[in-house]
Enquirer: 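Before anything else, here's the structure in question.
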Amino acid sequence: MAVLYNKIARKITLTIILGWSLWYFLMLTRSHFDQTLIALFGLFNLLFIWLEYSALVTLVSLSFLSAYAFYGFLFQYNLPNWLVMVGILLIFGYLFLYTEQRIGILGNKRLIYLFLFSLISLEVFLALAFFLINPLSKSLIMAVVSYVFVGFCYVVLAKHDDNKLSTYLTVALISMFMVFISSGWGGAI
C-alpha cells in the first residue's frame, strides 16, 4: 500500500494512464493536424504530471482521456461490460486517490469519498453509454463530473477558503450546457 504514496510511483502510474489513453486516442484519429494537437496535449499533461503543478488539471485531463479510451473499448472492441466497469473503478479510483493526496485530505472519511466517487463515475459512465452522442461528448461529461467532485473535495473536505463550491458548480453547469447544445443527438456513434 505504501507504493500508492510514493511520489515516483505516482508519477509513473499517471504516465502509464496518460500513455495508454493517448495511444488509443491517436489510434482513432486520422488527421495529422488532430494527431499533432493530441500529441501536444499529451506533452502538456506529461509536464503537469512530472512537475506536479496542478492536481486539478491532471485529474480532469486524464478523466477525459481515460473515459474516451473506455468508451472505445466498450463500443469498438466490444469488451465485456464487467471488464470495462472494473477498469473504470480502478482508473478513476486511482485518479482520485492521487487528487486527494495532493489536496491534502486526511482522515477516515477519505476512503469513503474515494469509493463513493468511483461508484458515481461508474454510474455516470454507464448512464452515458445509452445516449447516442459521440464518445468525445461523453468523455467531456465525465471530465466535468470529475471537476465537480474535486471542487467538493477541495472546498468541503479539505476546507480551503480561497474558492467556493458555487464557482465549481457554475463552471460545470456552463460546460455541461455547452456539451449538450453542441452534441448531435442520434444517429450512429
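From a predicted model like this one, the values you see are computed outputs, not experimental measurements. For the numbers below, each heavy atom of this structure counts, side chains included, while hydrogens, waters and symmetry mates do not.
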Enquirer: Any non-hydrogen side-chain atom of Y154 less than 4.5 Å from a side-chain atom of L56?
Expert: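 They are not in contact (no side-chain heavy atoms under 4.5 Å apart), so the answer is no.
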Enquirer: Do the ring planes of F70 and W20 sit parallel (below 30°), tilted (30 to 60°) or perpendicular (above 60°)?
Expert: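 Judged by the thresholds at 30° and 60°, the geometry between F70 and W20 is perpendicular.
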Enquirer: Measure centre to centre between the rings of F48 and F44, then say whether the value is under 6.0 Å.
Expert: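 Yes, they do, as the ring centres are separated by less than 6.0 Å.
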Enquirer: Do you reckon L14 sits in the same ILVMFWY cluster as L51, going by side-chain contacts under 4.5 Å, direct or chained?
Expert: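 No: no chain of side-chain contacts under 4.5 Å links L14 to L51.
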Enquirer: Is the Y24 ring parallel, tilted or perpendicular to the Y77 ring (thresholds 30°, 60°)?
Expert: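 Perpendicular: the ring planes of Y24 and Y77 meet at over 60°.
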Enquirer: Check whether any side-chain heavy atom of N45 sits under 4.5 Å from a side-chain heavy atom of L65, and report yes or no.
Expert: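 Side chain of N45 against side chain of L65, heavy atoms only: contact under 4.5 Å found.
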Enquirer: Any heavy-atom pair between the side chains of L89 and L119 that's under 4.5 Å?
Expert: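 Yes - at least one pair of side-chain heavy atoms lies under 4.5 Å apart.
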Enquirer: Between I17 and S66, is any pair of side-chain heavy atoms under 4.5 Å apart?
Expert: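 Yes, at least one pair of side-chain atoms sits under 4.5 Å.
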Enquirer: Taking L37 as the starting point, is it possible to reach F25 by hopping between hydrophobic residues whose side chains are less than 4.5 Å apart?
Expert: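 Each belongs to a different hydrophobic cluster.
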Enquirer: State the CD1-OG distance between I91 and S121, to the nearest 0.5 angstrom.
Expert: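 Between I91 CD1 and S121 OG, I get 12.0 Å after rounding to 0.5 Å.
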Enquirer: Is L26 reachable from L40 through a run of hydrophobic residues whose side-chain heavy atoms are each under 4.5 Å from the next?
Expert: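 No; tracing contacts between hydrophobic side chains, which count when under 4.5 Å, never links both residues.
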Enquirer: G42 and L22: which non-hydrogen atoms are nearest, and at how many Å?
Expert: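 Taking every non-hydrogen atom into account, CA-CD1, 3.2 Å.
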Enquirer: Taking all atoms of both residues into account, what is the closest heavy-atom pair of I103 and C153, and its distance?
Expert: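 Nearest pair, atom of I103 first, then C153: CD1-CB, 4.3 Å.
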Enquirer: Distance-only, no hydrogens or angles: does the Y53 side chain make a donor-acceptor pair with backbone N or O of T58 under 3.5 Å?
Expert: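 Not a single qualifying donor-acceptor pair exists.
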Enquirer: Give the minimum heavy-atom separation between A67 and S139, together with the two atoms involved.
Expert: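 Result for this residue pair: C-OG, 3.5 Å.
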Enquirer: What verdict does the side chain to side chain contact (heavy atoms under 4.5 Å, CB included) test give for V150 and V60, after you've listed the backbone C-alpha separation in whole Å, the side-chain angles of each residue and the deciding distance to 0.1 Å?
Expert: CA-CA 9 Å; V150 166; V60 170; over 6 Å; no
Enquirer: Drop me the distance from L83's CG to F73's CZ, to the nearest 0.5 angstrom.
Expert: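 Between atom CG of L83 and atom CZ of F73 there are 9.5 Å.
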Enquirer: With under 30° as parallel and over 60° as perpendicular, where do the rings of F152 and F149 fit, or are they tilted in between?
Expert: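 Plane angle between 30° and 60°, so tilted.
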Enquirer: Fit a plane to each ring of F96 and F117, take the angle between them on a 0 to 90° scale, and name the class: parallel (under 30°), tilted (30 to 60°) or perpendicular (over 60°).
Expert: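 Geometry flag for F117 against F96: tilted rings.
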Enquirer: Looking only at non-hydrogen atoms, find the nearest pair between A9 and Y94 and report the distance.
Expert: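 Heavy atoms only, the tightest pair is O-OH, 4.3 Å.
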Enquirer: Treating Ile, Leu, Val, Met, Phe, Trp and Tyr as nodes and any side-chain heavy-atom pair under 4.5 angstrom as an edge, say whether I174 and V57 lie in one connected cluster.
Expert: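 No, no single cluster joins them.
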Enquirer: Which distance, rounded to the nearest 0.5 Å, do you find between the OG of S54 and the CG of L59?
Expert: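 Between S54 OG and L59 CG, I get 9.5 Å after rounding to 0.5 Å.
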Enquirer: With side-chain contact (heavy atoms from CB on, under 4.5 Å) as the test, pick out the partner of S63 among V145, V144, T99, L95.
Expert: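 Result for side-chain contact (heavy atoms from CB on, under 4.5 Å) with S63: L95.
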Enquirer: Could you state the interatomic distance from NZ (K138) to CG (L74), rounded to the nearest 0.5 Å?
Expert: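 CG of L74 is found 8.0 Å from NZ of K138.
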Enquirer: Considering all heavy atoms of both residues, which atom of G93 and which atom of L114 are nearest to each other, and what is their separation?
Expert: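 Looking at all heavy atoms of both residues, the closest pair is O-CD1, 3.1 Å.
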Enquirer: Say you draw a straight line from CG of L111 to CG of L116; how long is it, rounded to the nearest 0.5 Å?
Expert: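 L111 atom CG to L116 atom CG measures 12.5 Å (nearest 0.5 Å).
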Enquirer: Please assess M176 against I141 for the test side chain to side chain contact (heavy atoms under 4.5 Å, CB included), listing each intermediate value before the final yes or no.
Expert: CA-CA 7 Å; M176 293 286 276; I141 293 170; 3.8 Å; yes
Enquirer: Between L136 and F64, is there a side-chain heavy-atom distance shorter than 4.5 Å?
Expert: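 Contact flag for F64/L136 side chains = yes.
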Enquirer: With a 4.5 Å cut-off on side-chain heavy-atom distances among I, L, V, M, F, W and Y, is there a chain of contacts connecting I38 to L47?
Expert: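 Each belongs to a different hydrophobic cluster.
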Enquirer: Take atom CE in M178; do more than 12 heavy atoms of anything else shown fall under 6.0 Å from it?
Expert: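 Count not over threshold, so no.
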Enquirer: Rounded at 0.5 Å granularity, tell me how far NZ in K11 sits from OH in Y98.
Expert: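 Nearest 0.5 Å value for the NZ-OH distance: 8.5 Å.
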Enquirer: Can you find a heavy atom in the side chain of I49 that is under 4.5 Å from one in the side chain of L18?
Expert: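 The answer is yes, as the side chains (C-beta and beyond) meet within the 4.5 Å cut-off.
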Enquirer: S21 and Y68: side chain to side chain contact (heavy atoms under 4.5 Å, CB included), yes or no, with the steps?
Expert: CA-CA 8 Å; S21 300; Y68 186 77; over 6 Å; no
Enquirer: Under the side chain to side chain contact (heavy atoms under 4.5 Å, CB included) rule, what do L169 and Y147 come out as? Steps first, then yes or no, please.
Expert: CA-CA 9 Å; L169 292 174; Y147 177 77; over 6 Å; no
